[in-house]
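Here the structure is laid out as structure tokens; the discussion comes afterwards.
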2 protein chains.
Amino acid sequence: MRKGQKTRTAILDDALALASQIGLSGLTIGTLAERSGLSKSGLFAHFGSKEGLQLAVIQGVRQLYSDLVFLPALQRQPGLPRLRAIVENWLEWTGSAKLPGGCIMTAAAYEFDDCPGPVRELVSQSLRELRKTLVRSVRMAVDAGQLSTDADPEQLAFEICAIYAGAQLDARLFDDPDARRRALLAFENLLDRSACAAPPAIGRDASASFAEKH
Amino acid sequence: MRKGQKTRTAILDDALALASQIGLSGLTIGTLAERSGLSKSGLFAHFGSKEGLQLAVIQGVRQLYSDLVFLPALQRQPGLPRLRAIVENWLEWTGSAKLPGGCIMTAAAYEFDDCPGPVRELVSQSLRELRKTLVRSVRMAVDAGQLSTDADPEQLAFEICAIYAGAQLDARLFDDPDARRRALLAFENLLDRSACAAPPAIGRDASASFAEKH
DNA sequence: TGCATAATCGAACGTTCGTGCTATTATTCG
DNA sequence: CGAATAATAGCACGAACGTTCGATTATGCA
């Protein structure tokens with residue numbers, strides 16, 4: 001790898017950490033340069049503009065999402081096990097990624113939702129893809145007979161995303177250590193609702209047991 | 001009312017609209033002064049500092065919340081009707097308030113969740129109060145026999161907040177006109193889960209009918 | 001009406017912002 | 001090794017930032 005690429009990667013590592021704390025627009029070339037041990041102009045040359053830096057950060061986040069959330073989940077069986085893995089990985093990916101200030105993508109979504117431009121577009125597209133992945137996972141679970149055919153994949157995917165966004169707030173704004181547990185419980189409640197028409201009698205015990213274990 | 005108070009109120013109106021689009025830290029004294037037809041220093045004198053302006057904006061949002069979401073809901077019977085009113089009002093309050101760029105409080109929550117200081121504290125405290133109000137409303141519904149005694153008020157309140165946060169993203173980032181409908185559906189699903197142990201047989205029809213109507 | 005006081009303005013401060021340039025130092029490869 | 005090229009530093013720029021202060025105008029009450 002060329003030297004330039006190496007420093008660019010190093011810069012982005014710092015940029016992700018910084019952006020997770022102060023946001024994408026709060027991210028400043030001066031402070032980032034100082035933190036990375038480069039001159040302002042030296043750092044600037046790597047991205048061409050502040051917007052270029054912001055886009056690079058988001059691409060970095062996408063890469064991390066992929067590596068820490070989706071790829072590991074592919075090891076699990078399609079359907080419910082994989083969907084559960086995605087949600088579990090998702091809920092702790094900022095920890096694994098050593099991001100000191102929570103999910104950059106979610107914060108950017110709220111930050112740029114009314115600021116037209118390439119950044120908003122990239123964030124929007126990224127989250128749409130994530131949503132599609134969730135929808136597909138739910139569909140697989142339905143096809144595998146693990147969720148009821150009455151389940152509404154789009155609605156479920158929406159609610160899963162909502163749970164994630166809510167968990168972020170509880171964890172970071174309220175400093176609530178129970179946020180993850182609460183989110184997982186909400187997720188399992190979601191699955192219960194769409195559970196397969198089970199052997200009559202006390203049919204919801206099997207899926208409810210998961211939430212109790214965690 | 002003194003003249004000063006009047007202009008201060010006018011400034012805050014513009015500030016709320018602006019902050020809803022570009023965020024609390026994006027909000028700038030220069031642009032706000034221009035938009036309000038005041039000089040920078042003239043506007044500055046009303047708030048003493050940028051942080052003072054930000055705090056005033058959040059106080060303004062709290063006032064609007066109160067006027068548009070909670071107070072009208074107090075007209076309804078305690079319990080489920082009031083809880084439903086809160087959620088419905090909440091989901092459309094930014095529209096009623098003519099805020100062009102979505103919910104300032106939610107955006108501020110993600111913006112400041114890692115930035116210690118009075119702003120973060122005020123946002124955090126405001127959302128905690130909102131949460132408590134929801135918990136109380138759920139409890140009333142339980143006491144009134146409208147929700148099962150098995151219902152977990154804290155968990156329900158968490159999920160309601162999550163739904164709201166999720167709806168914001170769908171509406172503003174995805175420009176999805178179905179966001180509100182989806183959110184209300186998620187809410188009704190939540191209530192279904194905690195529905196009272198009903199006259200056996202097909203006990204979930206009464207509460208499900210609401211979602212179908214909307 | 002007159003006077004104390006409140007409200008607003010204008011200009012300036014020192015910083016920091018993003019962004020160009022030109023030079024200089026490193027790295028890569030024939 | 002030496003030449004071509006990549007990578008970085010240094011410096012400067014205009015603009016905008018939050019903030020201060022003294023001057024000026026408008027307001028409200030005796």
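A note on names: the letters A, B, ... follow the listed sequences, proteins ahead of strands, and every chain is numbered from 1.
D/dA15 atom P lies 14 Å from atom NZ of B/Lys40, rounded to whole Å. As rounded to whole Å, 16 Å separates atom C1' of C/dG20 from atom CG of A/Leu43. In this structure, the CG atom of B/Leu53 is 14 Å from the C1' atom of D/dT19, given to the nearest Å. To the nearest angstrom, P of D/dG18 lies 13 Å from CD of B/Glu34. Atom CZ in A/Phe44 sits roughly 14 Å away from atom P in C/dC17 (whole-Å rounding). In this structure, NZ of A/Lys50 is placed 15 Å from P of D/dA16, rounded to the nearest angstrom. With rounding to whole Å, A/Lys6 atom NZ is found 14 Å from C/dA26 atom C1'. Summarising the geometry, the separation between CG on A/Leu38 and P on C/dT25 is reported as 17 Å, rounded to the nearest angstrom.
The side chain of A/Arg2 contributes an N or O atom lying less than 4.0 Å from OP1 or OP2 of C/dC29.
Environment of CZ in A/Arg128: crowded, with over 12 heavy atoms of neighbouring residues, nucleotides or ligands closer than 6.0 Å.
Comparing atom distances between the A/Ser49 side chain and each of C/dT19, D/dT8, D/dG28 picks out C/dT19 as nearest. When the nucleotides D/dT8, D/dG10, C/dT8 are ranked by their closest atom to the side chain of A/Thr7, D/dT8 comes out on top. Among C/dT8, C/dT27, D/dC17, the nucleotide with an atom closest to any side-chain atom of A/Lys3 is C/dT27. If you check D/dT8, C/dC17, D/dC17 against the side chain of B/Thr28, the one that comes closest is D/dC17. Comparing C/dA7, C/dT28, C/dG10 against the side chain of B/Ser41 picks out C/dG10 as the nearest.
Paired with B/Ser126 under the rule side-chain hydrogen bond (donor to acceptor under 3.5 Å, both in side chains), one option of B/Gln59, B/Arg62, B/Arg131 passes, and it is B/Arg62. The side-chain contact (heavy atoms from CB on, under 4.5 Å) with A/Arg35 is formed by just one residue from the set A/Asp14, A/Leu43, A/Ile11; it is A/Asp14.
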Could you go step by step and tell me if A/Trp90 and A/Ile160 meet the side-chain contact (heavy atoms from CB on, under 4.5 Å) rule? CA-CA 11 Å; A/Trp90 194 16; A/Ile160 291 172; 3.9 Å; yes
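Judged by closest nucleotide on DNA chain C, A/Thr31 is the one of A/Thr31 and A/Gly48 placed further toward the 5' end.
Here A/Leu27 lies in heavy-atom contact (under 4.0 Å) with sugar-phosphate atoms only.
Considering CG of B/Asp152 and CZ of A/Arg182, their distance stands at 6.5 Å, rounded to 0.5 Å.
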